[in-house]
Amino acid sequence: MTSLTMILFPAALALALWGGAMAVSGFRQGNKLKIFSAVGAFALLGIGGTVLMEFITRPL
């Protein structure tokens with residue numbers, strides 16, 4: 001049986017790595033679109049983490 005965190009943790013890690021690579025690439029090239037994409041990826045991670053923690057800490 002798989003849990004929700006077993007599925008979401010690798011996806012969140014991949015998204016964090018992708019966002020970090022986009023941020024570094026955007027800063028090096030001066031490309032604002034890549035920087036905004038990285039900010040959006042980190043915002044998505046933050047929102048997803050907040051929702052996941054809400055469901056984990058909610059009493060049954």
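Model, not experiment: these values are computed from the prediction.
Shown are Thr57, Val51, Leu52; of these, the side-chain contact (heavy atoms from CB on, under 4.5 Å) with Phe55 is made only by Val51.
Cluster annotation: Ile47 is not connected to Met53 through the hydrophobic network of ILVMFWY side chains, with a link wherever side-chain heavy atoms come within less than 4.5 Å.
Remark: Met22 CE to Leu15 CG distance equals 11.0 Å, nearest 0.5 Å.
The list of salt bridge (Lys or Arg N to Asp or Glu O under 4.0 Å) pairs with a residue in residues 11-22, not counting sequence neighbours, is empty. A salt bridge (Lys or Arg N to Asp or Glu O under 4.0 Å) check over residues 15-26, counting only residues at least two apart or in different chains, returns nothing.
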Sequence neighbours excluded and cut-off under 3.5 Å, please list the side-chain donor-acceptor pairs for residues 26-46, or say none.
{"residue": "Gln29", "atom": "OE1", "partner": "Lys34", "partner atom": "NZ", "Å": "3.2"}
{"residue": "Asn31", "atom": "OD1", "partner": "Leu33", "partner atom": "N", "Å": "3.1"}
{"residue": "Lys34", "atom": "NZ", "partner": "Ser25", "partner atom": "OG", "Å": "3.0"}
{"residue": "Ser37", "atom": "OG", "partner": "Leu33", "partner atom": "O", "Å": "2.9"}

